[in-house]
Amino acid sequence: MPARVTLAAVAVHAGVSVGTASRALSGRGDLAPATRRRVLAAARALGYARDPAAGGRPSGSSRLVDLVLGWFHNAYSDEVTAGARSAAAAAGYDLVLTEERDTPDDDWPMRIRRRGSAGVVLGLISPTASQLAAITDAEIPVVLMDPQAETSRGLASVRTTDREGAFAAATHLVERGATRFAIVLGSPPYRYGRARNSGFREGLRVAAPGADLVALQADWSGAAAREAALPLLRGLGSGERLGVFACTDEMAAGVYAAAAATGRRIPDEVLVVGFDDLRGARWLTPPLTTVRQPIREMAAAAVTALADAAAGAALPPAPIVLPTRLVERGST
């Protein structure tokens, strides 16, 4: 049997003192993020298994679930939080909101380790390998909600039928009499954006072979979508009906703004379909036709999977996929 790797060996490998190595591995103390990362990397490289008796709070010792998002206080994150909070309460857990900050000194994985969380939902962020390792090395289960990349690094995930929803949007616009088409794509092209692009194009090929399609690029914001749509709407010919699919409701609102700026009427000259069905969609004028993704239900499914894992069940090896639904309103 090979000799057990010691804390002293980890400290030597990382070039730190034994005390520093201990604090880094237990999540205690005020250490530089780079030092923590170096110690964690050394522990992984040597195969170090920390003795639970050495101190620190073990995974699952608190009735807590962490929800990590890149931002809070917008319509999407409000839906995620509401769904996660309800599911956590139903399972007897408290929900901790953790915001990922895009700064080198952000040590949110270590804060989660110190809390001894029962599990972590990562929503719409792309954690680094070292951030994920800091959590998974502590045997804290992770579920990705709406992962931005196709590969989920072997982690459980929850997502929706992006491709099928966009396919339905294309079919609907054709049925409503659009003669030209445009798709407003988000940049960077995250996994769900690529799926929506592919689904919309496939829907057009089936419902309107050879249809004229223009792709517009925006940075996932309404302001950028407005600027991208302005030239196209200015050049719209008499009698044409432009069918626009925006990959989010926010970008669809940007198309509304471009239509107002160019004097184009929705839905007479421009028909618009969004994606999300956030609370503001129905308050646009006219109300927005959109593809509803079940955001609250997705967040609840992620938390429920973690609560089940804390009770001894295995996390699902395949993605949990909840269906979209086209909601028809006045914009089409």
Side-chain angles (χ1 to χ4, degrees), residues 160-187 189-190 192-218 220-222 224-278 280-294 323-332:
T160 193
T161 52
D162 296 285
R163 182 184 176 92
E164 291 84 349
F167 187 103
T171 303
H172 179 71
L173 287 171
V174 172
E175 291 173 346
R176 287 294 182 268
T179 57
R180 293 178 59 192
F181 300 88
I183 181 170
V184 185
L185 300 169
S187 182
Y190 297 125
Y192 38 82
R194 296 194 302 271
R196 294 168 197 177
N197 181 24
S198 175
F200 186 78
R201 290 176 181 274
E202 179 61 24
L204 274 190
R205 281 194 291 270
V206 172
D212 177 26
L213 174 62
V214 176
L216 307 175
Q217 296 285 340
W220 297 100
S221 72
R226 176 188 182 277
E227 295 306 308
L230 281 173
L232 180 61
L233 296 187
R234 289 193 183 108
L236 196 61
S238 176
E240 291 186 318
R241 300 190 77 206
L242 178 66
V244 182
F245 171 57
C247 282
T248 69
D249 288 351
E250 183 176 352
M251 292 195 292
V255 175
Y256 272 56
T262 56
R264 302 299 183 184
R265 298 184 307 277
I266 299 173
D268 302 314
E269 298 170 281
V270 183
L271 302 95
V272 186
V273 179
F275 199 108
D276 284 331
D277 197 22
L278 297 175
R282 68 194 66 188
W283 304 121
L284 291 172
T285 305
L288 175 66
T289 294
T290 188
V291 178
R292 180 185 184 273
Q293 63 166 327
T324 53
R325 175 172 60 88
L326 183 73
V327 180
E328 298 182 27
R329 297 194 183 104
S331 65
T332 55

Considering all heavy atoms, the nearest Ala215-Arg201 contact: CB-NH2, 3.6 Å

Going by side-chain hydrogen bond (donor to acceptor under 3.5 Å, both in side chains), Asp162 matches just one of Arg196, Gln293, Arg194. Which one? Arg196

In Å, rounded to the nearest 0.5 Å, how long is the span from CH2 of Trp220 to SG of Cys247? 5.5 Å

Does the plane of the ring in Phe275 sit parallel, tilted or perpendicular to the ring in Phe245? Use 30° and 60° as the thresholds. perpendicular

Give me the atom names and distance for the closest heavy-atom approach of Leu232 to Ala182. CD2-CB, 3.6 Å

So which heavy atom on Pro323 is nearest to which on Pro294, and how close? O-CD, 3.3 Å

Over all heavy atoms of both residues, which pair between Ala252 and Ala246 is shortest? Give the atoms and the distance, please. N-CB, 3.4 Å

4.5 Å side-chain heavy-atom contact, Phe167 and Val206: yes

Measuring from atom CG of Leu242 to atom CG of Leu233, what distance do you get when rounded to the nearest 0.5 angstrom? 6.0 Å

Interatomic distance, Ser331 atom OG to Ile266 atom CD1 [nearest 0.5 angstrom]: 7.0 Å

Thr290 and side-chain hydrogen bond (donor to acceptor under 3.5 Å, both in side chains): which single residue from Asp249, Thr324, Thr248 fits? Asp249

Do Met251 and Asp276 come within less than 4.5 Å of each other through their side chains, counting heavy atoms only? no

Tyr256 side chain vs Pro286 backbone, donor-acceptor pair below 3.5 Å: yes

Just by modelled atom types, is the Pro267 backbone N or O under 3.5 Å from a matching donor or acceptor in the Arg241 side chain? yes

Taken to the nearest 0.5 Å, the spacing of Glu269 CD from Leu236 CG works out to 6.5 Å

Compute whether any side-chain donor of one residue and acceptor of the other, for Thr332 and His172, lie under 3.5 angstrom apart. yes

For residues 203-215, which residue pairs qualify under salt bridge (Lys or Arg N to Asp or Glu O under 4.0 Å), counting only residues two or more places apart or in two chains? Arg180-Asp212, Glu202-Arg205

Compare every heavy atom of Leu173 with every heavy atom of Gly243, then report the nearest pair and how far apart it is. C-CD1, 3.9 Å

With rounding to the nearest 0.5 Å, note down the distance linking CZ in Arg329 to CG in Leu288. 7.0 Å

Quick check: closest heavy atoms across Val184 and Ala225, and the distance to 0.1 Å? CG1-CB, 4.0 Å

Spatial distance of atom CG (Leu213) from atom CZ (Phe200) [nearest 0.5 Å]: 6.0 Å

